[in-house]
Each structure stands twice: as C-alpha cells, then as structure tokens.
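Supplied in structure tokens, the structure appears directly below.
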There are 2 protein chains.
Amino acid sequence: MGDRVTKDALFDGFAEVAKAMANGRRAELVDVLVQGERHVEELADEISQSVANTSFHLRALAATGLVTTRRDGTRIYYRLTSDRVGELWAALRDVAAAHHSELDTLAAAYLGDRSRLEEIGRAELADRIVAGDVIVLDVRPRPEFAAGHIAGARSIPIEQLAESLKAVPRDIEIVAYCRGPYCVMADDAVRLLRRRGRAARRLEGGYPEWRRAQLPVESEAAP
Amino acid sequence: MGDRVTKDALFDGFAEVAKAMANGRRAELVDVLVQGERHVEELADEISQSVANTSFHLRALAATGLVTTRRDGTRIYYRLTSDRVGELWAALRDVAAAHHSELDTLAAAYLGDRSRLEEIGRAELADRIVAGDVIVLDVRPRPEFAAGHIAGARSIPIEQLAESLKAVPRDIEIVAYCRGPYCVMADDAVRLLRRRGRAARRLEGGYPEWRRAQLPVESEAAP
DNA sequence: CGACTATTCAAAGACTTCTTTGAATAGTCC
DNA sequence: GGACTATTCAAAGAAGTCTTTGAATAGTCG
C-alpha cells in the first residue's frame with residue numbers, strides 16, 4: 001500500500017469526477033438537474049443539443065455516479081444522485097466566479113446589465129412571505145416548479161408571463177426567481193414587469209440556493 | 001443577452017475550472033498545495049513527474065486562477081489562490097467517495113487495511129490537547145509543517161520517525177496526522193509506533209480539515 | 001404479441017490533452 | 001556584467017474527447 005501506481009490510480013479516480021463536470025454541455029445539464037429530475041428529450045431541448053449527444057453526456061455523468069435514472073412509462077428520467085452533487089456544482093461556480101479571470105466577461109455577456117435589477121435577500125423574502133405582502137413568482141419551466149418550489153410561490157413560466165400578467169394582482173410587490181445566480185429567466189421577468197409598471201425585484205440566487213438555506217419549500221405530490 | 005452562444009460560452013467557462021482539476025496529476029498537486037505553498041521542484045518530486053510536466057500542469061491550474069505564484073530568490077512558489085479552492089477539492093473528493101463506484105476499490109488498494117488504525121475525532125483531540133495528556137505528531141514533510149500545523153504539534157516527517165523515536169516520551173498517547181483522509185503518512189506512523197509498543201491513533205482527516213474546522217493552528221513566522 | 005418510440009450505441013473525423021525531449025528564457029547573485 | 005540555474009516553452013506523437021449520423025435496442029402499451 002502507499003505506492004506510486006495505486007496513488008496515481010486513486011487520484012485519477014478523483015479526477016474522473018472532475019472530468020464529468022469538465023464540459024460546458026455537461027455543466028448545463030447539471031445546472032438543470034439541480035432543479036429536479038427531467039427526461040432525456042427535455043434535457044436535450046434545455047441544452048440545445050441532439051438527443052444522441054445529450055444521452056452521450058448523461059452517460060458520462062452516470063459513469064461516475066453523479067446522476068441516476070428511473071423509468072416512467074416510455075421515458076427515462078435523470079436526476080442528481082444526491083444534493084452533494086449540487087453543492088459541488090455550486091462550489092465550482094463560486095471558485096470560477098472568484099478566481100477565473102474571464103468569468104466576469106462571460107457572465108456579463110450572457111446576463112447583460114443587471115445594475116437596474118434590484119435583488120432581495122433570502123432572509124428578507126422569507127419574512128415578507130410570512131407577512132403576506134409579496135407575490136412570489138416562479139418563472140422556471142413547469143416541470144421544475146412541479147419538482148419543488150418556494151412554499152407559496154406561483155408558477156408562471158417566463159414565456160407565458162406577458163399573457164398571464166392580468167392574473168397577477170396589482171399594488172403588491174412581485175419577487176421573481178428561477179434557477180440560480182446565472183439564470184436569466186427571473187431577470188427577464190423583472191424587466192417585463194417593470195415595463196408594465198409593476199414593482200418587481202429578483203430573488204438573490206434561485207431555488208436551489210433557497211432550498212440549501214433550509215427555507216420552506218413544497219412540491220407536487222411525489223409518485 | 002440570454003442567447004445560446006453566450007450561454008454556452010459561460011458554461012464552457014465554468015467547465016474550464018472543472019477541467020483544471022480533471023487530471024490525476026493536477027489533483028495531486030492541489031492536494032499538496034492545500035497544505036501550503038511549495039516550489040516547482042518540490043512539487044515535481046511530490047507527484048513523481050518531470051519538472052517540465054509539473055510546470056505544464058501548474059500553468060494549467062494558474063490559467064483558471066486556481067493557483068498563484070511568488071518568487072523567492074531563484075525559486076518560484078506556487079500556492080492555492082484561496083481557501084475556496086481547497087474547499088472545492090474537498091467537495092470533489094467527497095462526491096467521488098460517495099458516488100463514484102470504483103473509488104472504494106482504488107482507495108483500498110492505496111490505503112491498505114485501515115481496520116486496525118483507530119481514529120480520534122477532531123473535537124476530542126482538541127480537548128485532549130488542552131488537557132495535555134497527548135502528543136500530537138505532524139508526520140508531513142517539513143515545508144508543510146512550516147507553512148502551518150496544529151497548535152502544539154511536533155514535526156517528525158515520516159521518513160525520520162523510526163530514528164527519532166527515542167526523543168518521543170513513553171507512557172503518553174500519540175496522535176499522528178498528515179494531509180487528509182487519503183494520506184498514508186499518518187497510517188504508516190501509527191503502524192510503526194504500535195509495533196514499537198506505543199499507544200498511537202490517527203487523527204480523523206488531516207491538517208486542512210482541522211484548519212477548516214477553525215481549530216487552533218500555528219505556523220512559522222511568515223516573510 | 002407486435003408496432004412504436006425513447007434512448008443508447010457505434011463509427012468516423014475534427015479537435016484537444018498529456019508526456020517526453022531538448023532548447024529557450026529570465027531571473028539571481030556573486 | 002556574466003555565469004548559473006529554476007522554470008517555462010515548443011514540437012511531436014500517442015491517446016482521449018466531442019459531435020454528427022445512422023442504426024440498434026429495449027422497453028411500453030394497445
């Protein structure tokens with residue numbers, strides 16, 4: 001024990017897990033799967049790749065145990081094997097943001113100007129939900145809302161927001177949220193709402209960060 | 001903002017950080033650098049690679065900002081850019097241990113049989129150090145001890161332990177520690193000590209875990 | 001049981017990564 | 001300033017990764 005060959009093999013083993021995340025498309029898959037399980041076709045659509053290529057990447061994630069599958073009818077649903085994988089993803093994102101010099105530029109290019117989008121902290125939102133003087137809007141796709149959402153939130157996927165606006169009461173502040181700090185759906189929602197004269201802010205982070213902070217969540221009846 | 005091309009570029013950016021860790025030799029480098037800064041030749045020696053190849057991998061880590069350098073005389077010292085990088089490494093190891101099916105086998109092959117090596121928890125050791133009825137032995141290489149160690153620990157690198165044994169008092173329990181859960185130096189120390197009739201245990205984890213738990217540390221005067 | 005289809009697999013080509021070797025560079029330190 | 005040397009760079013070959021295409025598989029569900 002303790003020799004070079006087995007040491008290298010062990011660290012190659014750790015590196016395999018890093019390799020599983022070491023591809024932009026697989027990173028996007030993990031970022032979606034943190035929201036909850038999805039089937040292959042949905043995932044392919046989310047990352048704008050062919051089903052074959054998406055399946056290839058999902059197999060790569062499964063090979064190191066980061067994701068597991070379950071079958072429901074003719075569909076196969078992939079999910080993260082545990083919350084730890086989501087935490088690893090968050091740690092990776094944080095290190096990238098803190099240390100990778102190009103990340104500012106890349107994030108700015110994707111997210112655009114956020115200076116006019118006020119954020120509300122999680123603790124403050126939790127208080128305001130209890131007080132009842134705020135509407136919480138989940139603007140992620142339906143399946144993600146179904147898999148789990150902030151307790152009391154209402155689902156209006158971003159594409160439907162413009163047409164569903166009438167159904168949202170006026171004269172009460174709206175807080176929109178989505179997948180996390182690098183997700184634009186809540187940004188787009190806040191911009192749209194403000195253009196229509198509503199008071200709207202963006203939640204700091206997204207659903208996974210809320211859940212990780214042990215704040216109240218709910219989900220649609222599990223099978 | 002929010003289009004496919006820039007989204008892919010952003011996630012490619014996150015993936016670059018994962019790529020930096022996605023190689024066994026670079027993983028070993030990070031594992032050593034978590035202990036403190038070291039120069040290129042030392043690092044090459046630690047991972048049993050040529051200086052050129054070690055330099056190549058260090059450049060790869062530096063390219064995503066995971067490590068930084070400082071010059072001292074003719075030497076260039078590499079160090080992790082922040083503790084966050086060490087935390088990412090720990091998270092990666094934990095996910096690998098929890099989910100990567102081959103890791104058990106790899107770890108067992110490298111570490112050997114640990115069933116007879118009793119571990120002592122960090123909290124318990126902290127108490128016993130205060131009580132003064134234990135000797136704490138840092139068996140890592142000298143430069144790592146110099147960069148930081150458990151407060152009150154004594155440095156006897158593992159290669160020198162056999163010959164330095166006389167200098168260690170009898171009739172008091174010895175706790176050995178090293179780099180972390182996948183480091184064999186403390187294991188070897190405990191085995192040696194027990195063969196010589198000493199009461200010895202291994203600290204759970206290693207120095208980085210101790211430090212991360214905010215327990216007392218000290219280091220040799222910084223420049 | 002048989003048609004259907006969601007997912008996986010295989011092959012191939014373009015591209016990237018890793019290691020080795022030997023040379024270049026850029027600092028130090030007398 | 002010049003010798004010295006720690007580190008980096010460059011080139012090249014072997015090996016691995018990613019995407020596309022088209023076919024195979026293995027389940028479901030009537």
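A note on names: the letters A, B, ... follow the listed sequences, proteins ahead of strands, and every chain is numbered from 1.
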Nucleotide dC18(D), atom C1' - distance to CG of Leu58(A) in whole Å: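 Nearest whole value for this atom pair: 15 Å.
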side-chain N/O Tyr78(A) vs dA6(C) OP1/OP2, d < 4.0 Å: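 It does not, given that no N or O in the side chain of Tyr78(A) lies less than 4.0 Å from OP1 or OP2 of dA6(C).
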Residue His39(A), side-chain atoms from C-beta onward, closest of dT8(D), dT7(C), dT7(D):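 Of the candidates, dT7(C) comes closest.
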Lys NZ or Arg CZ of Arg93(B) over Phe14(A) ring: under 6.0 Å, within 45°: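 The answer is no; the distance or angle limit is not met.
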Spacing of Met21(A) atom CE relative to dT17(D) atom P, expressed in whole Å: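 Whole-Å distance recorded here is 17 Å.
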Phosphate OP1/OP2 of dG27(C) contacted by Arg71(B) side-chain N/O (<4.0 Å):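 For Arg71(B), the contact criterion (side-chain N or O under 4.0 Å from OP1 or OP2 of dG27(C)) is not met.
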Pi-cation contact, Phe145(B) with Arg140(B) (under 6.0 Å, within 45°):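 The answer is no, since Arg140(B) fails at least one limit relative to Phe145(B).
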Gap between atoms CD1 and C1', on Ile76(B) and dT5(D) respectively (whole Å):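 Ile76(B) atom CD1 is separated from dT5(D) atom C1' by 12 Å.
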For atom CG of Asp72(A) and atom C1' of dA26(D), their distance in whole Å: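 So the CG-C1' distance, Asp72(A) to dA26(D), works out to 16 Å.
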Flag if over 12 foreign heavy atoms under 6.0 Å of CD, Gln214(A):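 Incorrect, the count does not exceed 12.
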Stepwise side-chain hydrogen bond (donor to acceptor under 3.5 Å, both in side chains) check, His149(B) with Ser155(B): CA-CA 9 Å; His149(B) 53 262; Ser155(B) 170; over 6 Å; no
Residue Arg211(A) excluded, over 12 heavy atoms near CZ under 6.0 Å: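 Result for CZ/Arg211(A): open.
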Pairing partner (Watson-Crick or G-U wobble, both distances under 3.5 angstrom) of dA23(D):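 Checking every strand shown, dA23(D) finds its partner in dT8(C), with both distances under 3.5 Å.
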Whole-Å gap separating C1' (dC29(D)) and CZ (Arg75(A)):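 From Arg75(A) CZ to dC29(D) C1': 15 Å.
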Nearest-Å distance for atom pair CZ/P, residues Arg59(A) and dA10(C):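 It works out to 12 Å between those atoms.
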Sugar-phosphate only, base, or nothing, as touched by Val51(B) at under 4.0 Å among non-hydrogen atoms: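 Base, at least one base atom sits under 4.0 Å.
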Value in whole Å for how far the P atom of dT8(D) lies from CG of Leu43(B):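 Roughly 10 Å, once rounded to whole Å.
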Tabulate protein N/O versus nucleotide N/O from nucleotides 18-20 of chain C, keeping only pairs under 3.5 Å, one per line.
unit_1  : atom_1 : unit_2   : atom_2 : d
dC18(C) : OP1    : Asn23(B) : ND2    : 3.1
dC18(C) : OP1    : Arg26(B) : NH2    : 3.3
dC18(C) : OP2    : Arg26(B) : NH1    : 3.1
dT19(C) : OP2    : Asn53(B) : OD1    : 3.1
dT19(C) : OP2    : His57(B) : NE2    : 2.5

Pair Tyr177(B)-Asp138(B), side-chain hydrogen bond (donor to acceptor under 3.5 Å, both in side chains): steps then yes or no: CA-CA 5 Å; Tyr177(B) 75 90; Asp138(B) 186 322; 2.6 Å; yes
Euclidean distance, atom CG of residue Asp12(B) to atom C1' of dT16(C) [Å, nearest integer]: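 Distance check: Asp12(B) CG to dT16(C) C1' gives 13 Å.
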Mutual orientation of the aromatic rings belonging to Trp89(B) and Phe11(A) [parallel < 30°, tilted 30-60°, perpendicular > 60°]: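 Trp89(B) vs Phe11(A) ring planes: parallel.
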Nucleotide nearest Thr74(B) (side chain, heavy atoms from C-beta), chosen from dT28(C), dT7(C), dT8(D):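 Of the options given, the side chain of Thr74(B) lies nearest dT28(C).
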Tyr77(B) side chain near dT7(D) phosphate (N/O to OP1/OP2, under 4.0 Å):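 For Tyr77(B), the contact criterion (side-chain N or O under 4.0 Å from OP1 or OP2 of dT7(D)) is not met.
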